[in-house]
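Keep in mind it's a predicted model, so treat the numbers as computed, not measured. Protein chains get the first letters and strands the later ones, always in sequence-line order, with residue 1 at the start of each.
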Number of protein chains: 2
Amino acid sequence: MKPSVVAIEPNGYFCSDCAVRGSAVCSSLDAAELREFEHLGRHVHFTAGETVFSEEDITTSFYNVLDGVMRLYKLLPDGRRQIVGFALPGDFLGMNISGRHNFSADAIGAVTVCQFAKVPFGRFIEDRPQLLRRINELAIRELSQARDHMVLLGRRSADEKVATFLLGWRQRLLALRGSLDTVPLPMSRQDIADYLGLTIETVSRTFTKLERHGAIEIIYGGIRLLDPARVEALAAA
Amino acid sequence: MKPSVVAIEPNGYFCSDCAVRGSAVCSSLDAAELREFEHLGRHVHFTAGETVFSEEDITTSFYNVLDGVMRLYKLLPDGRRQIVGFALPGDFLGMNISGRHNFSADAIGAVTVCQFAKVPFGRFIEDRPQLLRRINELAIRELSQARDHMVLLGRRSADEKVATFLLGWRQRLLALRGSLDTVPLPMSRQDIADYLGLTIETVSRTFTKLERHGAIEIIYGGIRLLDPARVEALAAA
DNA sequence: AAAGGCGATTGACCAAGATCAATTTTGGCG
DNA sequence: CGCCAAAATTGATCTTGGTCAATCGCCTTT
């Protein structure tokens, strides 16, 4: 919940060994640049439920997710929450133009990030258009995902929302880890509901319905996709 | 509807005189660069209802809106539509990483754009990090707006949606044209509904309700904001 | 000036999903 | 191993917004 003390590793790691080397912002850097870049970031660990940064906080750092899952969300004054995305390894967080974060980010389970102080990172980008281009690419990709999510939120039924979420989430994990027999769902039902613009009860009922129809099997911490075609049919509608 | 013949102006205009000079992508260019840039764009006119580009079209151009209003939208296979935004003068369209547009864009009323062929524009950016930085800035701003819109779509009631839309739209026009006594709404009720994830009937009823409460007055082609405080209270909720 | 047509409004009714309220399941922990 | 707390599920009922169906009003066209 509150940002408690976090472990900060000494810089005894190398970008070249990084798990997200290929997919993260730093994929645009060559070996020489990478060595310089190494001094900018430091690994920081967060435990389940910890907040990495909050909406309206002044941005002092950028983050590269290395391990774990984060929920990115916005709150209305009365407490209603909309999760605007889940961040996975390789995702880059903290870009904004107002100088403040425009959403909050919590760790779901244990998370490791590569944290960059804003100013030196900004200076490093300064004369490396490659890196800027990479950041731009990531922003544009996210924008496209955001628009897809608007369609989901504004125009799809509960069944379609849940089915689309399961397939999309599986797809992201597949891209990250290769094949999966089960689809882990580290986030709570409430998180899923707040991501899909539904209530927890509707999410739960929809899961149960999918299971009754033999499309999925609900297991601890995730689901098993028994009949992907059926789920896809539901998602397409 | 279908892209009919459009008038293309000869290059008898100057970027330095451009109506959106200060706010558009080109605001990052100096006088010398601007003169070179001038040769890249050409003004193109569209009439009401014409499609400027469609989702899944291969991207061959970027567009800078000079005049008029466009609706940006995505369609589901069964025809449901989600409007992901309205474009106004100064907005830059066409960025993507897949090489295809990820939404469609129609003119609402008459529209003039400054159109850039993708390849020469890309080359021009190549050695002008300033311009790239500006484009990045615009993408990040849009991303922030997209997230706000997700909250609206996923977590707000019909009344809140409509009130928020009216205030937000007014705000954009204010920034563009200075003070307004009335708020013009060039888009149809259906467009508003598809932007807010509602039906046309709900939008209409909500407008009527706001009018009965003395918050707005519905006039031809727009509304008059009689009681901004009341509308803001509704929007905040 | 009359007519036609399209977009907007209004009303009656309906249903998807929310809300309220128990249970049940699960996992952590003594 | 058994208890407690939190999360998830399930059921009953309600509400918001959607659907279906006229009707209205305004603008354009002849």
Side-chain angles (χ1 to χ4, degrees), chain A residues 1 47-49 71 76 78-82 106 108-110 152-166 184-213 216-223 234 237, chain B residues 1 47-49 71 76 78-83 106 108-109 152-166 184-213 216-223 234 237:
Chain A
M1 301 301 162
T47 60
R71 59 173 162 256
L76 290 175
D78 64 1
R80 281 175 289 177
R81 184 177 71 158
Q82 176 66 46
D106 297 343
I108 296 179
L152 183 92
L153 291 170
R155 286 293 178 231
R156 307 199 85 134
S157 69
D159 287 359
E160 292 171 338
K161 285 177 174 180
V162 171
T164 304
F165 164 69
L166 289 178
L185 296 174
M187 69 291 283
S188 70
R189 293 290 189 270
Q190 186 64 63
D191 287 342
I192 298 173
D194 287 347
Y195 180 62
L196 299 177
L198 297 172
T199 59
I200 186 174
E201 292 94 333
T202 299
V203 171
S204 186
R205 279 187 251 270
T206 307
F207 271 49
T208 305
K209 186 159 67 173
L210 285 171
E211 188 171 46
R212 265 204 304 270
H213 289 29
I216 67 171
E217 185 192 346
I218 302 171
I219 58 178
Y220 178 64
I223 59 131
L234 265 176
Chain B
M1 298 304 166
T47 59
R71 60 174 162 255
L76 290 176
D78 65 359
R80 281 175 288 176
R81 184 177 70 160
Q82 176 66 47
I83 291 186
D106 299 341
I108 296 178
L152 182 93
L153 291 170
R155 286 294 179 230
R156 306 199 85 130
S157 70
D159 287 0
E160 292 170 340
K161 284 177 174 181
V162 171
T164 304
F165 165 69
L166 289 176
L185 295 174
M187 69 292 284
S188 69
R189 293 289 189 271
Q190 185 64 63
D191 287 341
I192 298 173
D194 287 346
Y195 181 62
L196 299 177
L198 297 172
T199 60
I200 186 174
E201 292 95 333
T202 300
V203 171
S204 187
R205 278 187 251 270
T206 308
F207 271 48
T208 305
K209 185 159 69 172
L210 284 170
E211 187 170 47
R212 266 203 305 270
H213 289 28
I216 67 170
E217 185 191 345
I218 301 170
I219 58 177
Y220 180 65
I223 60 129
L234 264 176

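Base contact: B/S204 has a heavy atom under 4.0 Å from a base atom.
Proximity of residues 156-166 of chain B to DNA chain D (heavy atom under 4.0 angstrom from any strand atom) is restricted to B/S157, B/A158. Contacts between residues 193-200 of chain A and DNA chain C, counted as heavy-atom distances below 4.0 Å, involve A/G197, A/L198, A/T199.
Reading DNA chain C from its 5' end, the first and the last nucleotide to sit under 4.0 Å from a heavy atom of chain B are C/dA8 to C/dA12.
The rotation axes computed at either terminus of the helix from C/dA1-D/dT30 to C/dG30-D/dC1 lie 40° apart, taking five pairs at each end and rounding to 10 degrees.
Considering only residues two or more places apart in sequence or on other chains, A/I108 meets the side-chain contact (heavy atoms from CB on, under 4.5 Å) condition with A/V69, A/R71, A/F86, A/P186, A/M187, A/D191. Partners of B/E211 under the salt bridge (charged side-chain N to carboxylate O under 4.0 Å, His left out) rule, at least two apart in sequence or in another chain, do not exist in this structure. Every residue two or more places apart in sequence or in another chain that forms a side chain to side chain donor-acceptor pair (under 3.5 Å) with A/R155 is listed here: B/D194. With sequence neighbours excluded, the residues satisfying side-chain contact (heavy atoms from CB on, under 4.5 Å) with B/T164 are B/L152, B/R156, B/A235. Every residue two or more places apart in sequence or in another chain that forms a side chain to side chain donor-acceptor pair (under 3.5 Å) with A/T202 is listed here: A/T199. Remark: A/E217 pairs with A/R224 by the salt bridge (charged side-chain N to carboxylate O under 4.0 Å, His left out) rule, at least two apart or across chains.
Counting only heavy atoms from C-beta outward, the side chains of A/Y195 and A/V203 never approach each other to under 4.5 Å. Put simply, the side chain of B/L198 does not reach to within 4.5 Å of the side chain of B/T206, judged on heavy atoms. B/L210 is not listed as a side-chain neighbour of B/D159, based on a closest heavy-atom distance of 4.5 Å or more. The shortest side-chain heavy-atom distance between A/V162 and A/K209 does not fall under the 4.5 Å cut-off. B/I192 has its side chain within reach of B/F207: a pair of non-hydrogen atoms, C-beta onward, lies under 4.5 Å apart.
A distance of 6.0 Å separates CG of B/L166 from CD1 of B/I216, quoted to the nearest 0.5 Å.
Remark: A/S188 is not in phosphate contact with D/dA7, judged by side-chain N or O atoms under 4.0 Å from OP1 or OP2.
For the pair A/L234 and A/E160, the tightest heavy-atom approach, listed with the atom from each and the gap, is O-CG, 3.3 Å. Counting all heavy atoms, side chain and backbone alike, A/R189 lies closest to A/I200 at CB-CG1, 3.7 Å. In this structure, A/L153 and B/L153 approach most closely via the heavy-atom pair CB-CB, 3.8 Å.
When the C1' atom of D/dA8 is taken as reference, atom CD1 of A/I192 falls 11 Å away, rounded to whole Å. Going from atom NZ of A/K209 over to atom C1' of D/dG11 covers 16 Å, rounded to whole Å. Here the P atom of nucleotide D/dA7 and the CG atom of A/L185 are 16 Å apart, to the nearest Å. Following rounding to the nearest Å, B/R80 (CZ) and D/dG17 (P) show an atom-to-atom distance of 19 Å. Between A/Q190 atom CD and D/dT9 atom C1' there is a gap of 14 Å when expressed in whole angstrom units.
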I'd like a table of atom pairs between the protein and nucleotides 20-30 of chain D - only N or O on both sides, under 3.5 Å - with the distance next to each one.
from: D/dC20; atom 1: N4; to: B/E201; atom 2: OE2; distance (Å): 2.9

